[in-house]
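Below: one structure, written as structure tokens.
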There are 2 protein chains.
Amino acid sequence: MDSKKRKRLEAAGWTFGNAEDFLGMSPEEASYLEVKLTLAREVEAQRKKAGLSQSDLAAKLKTRQPNIARLEKAQQNVTIDALFKTLLVLGLSPRKIAAVL
Amino acid sequence: MDSKKRKRLEAAGWTFGNAEDFLGMSPEEASYLEVKLTLAREVEAQRKKAGLSQSDLAAKLKTRQPNIARLEKAQQNVTIDALFKTLLVLGLSPRKIAAVL
DNA sequence: ACTGGGCATATCCGATATGATATATATTCA
DNA sequence: TGAATATATATCATATCGGATATGCCCAGT
């Protein structure tokens, strides 16, 4: 959710917590969800840092822009392959990937 | 491959290198493959450290032993969910998971 | 040798991740 | 404001992941 939308909803009386609060998730569930989101955000951050558009990155990975968008949005589960191939092609070492966890 | 089998094959004249040597993989390909294998091995290591059989761990995850075997063998790709749920249920924090990368 | 426990393999199936195209929305800038 | 670029969403096809059952192999203990 973007901050603009969030502010509108808050103004309308909504409040916000994390997924654990909201859904009554177990700590493990919340934790792996956080991991997934963290890594997805890292893709976006590194892509922008490299000055690449989603289309540019898609080309490097021989795929298409919408697939990159999905990855960054973490709208669904992701395979290790897809995620790490992406992060590695952005020039991140496994060690640097680990650093964001 | 277990070491016993490997020794037999070596005795029969086979030699061994890593996947990058053998398949002519790109550094990225080799790297994410290593990551995948590292994490798979970590599942096995942590499971044994906890004194659990594959069946025990499967029960904790409400699944079956063969699925754990597949995960540890890394015979196929794995989703972030499956992998991290498993590692987290073994008591590993994201930080500790990162430490093995 | 027999048995039981632990792990691996084969196979089927339902669920879903990935990839593609088309299109919508958002952002930037002249 | 309009055009160009960037990102998001919708939808479909295909590939494959995760779960299940059945079964085989190996080893340890009896």
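Chain naming here is simple, since letters A, B, ... match the order of the sequence lines and numbering starts at 1 in each.
- Phosphate contact (OP1/OP2 of D:dA20, side-chain N/O of B:Arg64, threshold under 4.0 Å): present.
- Counting to the nearest Å, the C1' atom of D:dC17 and the CG atom of A:Asp81 are 11 Å from each other.
- Put simply, B:Gln76 has no side-chain N or O that comes within less than 4.0 Å of OP1 or OP2 on D:dT16.
- In terms of phosphate contacts, B:Thr79 brings no side-chain nitrogen or oxygen within less than 4.0 Å of OP1 or OP2 of C:dA17.
- Atom NZ in A:Lys62 sits about 17 Å away from atom C1' in C:dA20, given to the nearest Å.
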Open item on the list: Using side chain to side chain contact (heavy atoms under 4.5 Å, CB included), reason through B:Ile97 and A:Val35 one step at a time and then give a plain yes or no.
Closed with: CA-CA 11 Å; B:Ile97 296 170; A:Val35 166; over 6 Å; no
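- More than 12 non-hydrogen atoms from other residues, nucleotides or ligands lie less than 6.0 angstrom from NZ of B:Lys36.
- The shortest non-hydrogen separation linking B:Ala58 to B:Gln65 is CB-N, 3.5 Å.
- Straight-line distance from the CG atom of B:Asn77 to the P atom of C:dG19: 11 Å, rounded to whole Å.
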Show me the donor-acceptor pairs, under 3.5 Å and distance only, between side chains in residues 43-52 of chain B and residues at least two apart or in other chains.
from    : atom 1 : to      : atom 2 : distance (Å)
B:Glu44 : OE2    : B:Lys48 : NZ     : 3.0
B:Gln46 : NE2    : B:Glu42 : OE2    : 2.9
B:Arg47 : NE     : B:Glu72 : OE2    : 2.6
B:Arg47 : NH1    : B:Leu52 : O      : 2.9
B:Arg47 : NH2    : B:Glu72 : OE1    : 3.2
B:Arg47 : NH2    : B:Glu72 : OE2    : 3.4

- [ ] Summarise protein proximity over nucleotides 7-12 of chain D in one line of letters, 5' to 3': B for base, S for sugar-phosphate only, - for none, counting protein heavy atoms closer than 4.0 Å.
- [x] BBB---
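- B:Asn67 comes within contact range of at least one nucleobase, with a heavy-atom separation under 4.0 Å.
- In this structure, B:Ile80 atom CD1 and C:dT18 atom C1' are separated by 14 Å, rounded to whole Å.
- Side-chain polar atoms of B:Asn67 and B:Arg64 form no donor-acceptor pair below 3.5 angstrom.
- How far CG of A:Leu33 is from CZ of B:Phe84: 12.5 Å, rounded to the nearest 0.5 Å.
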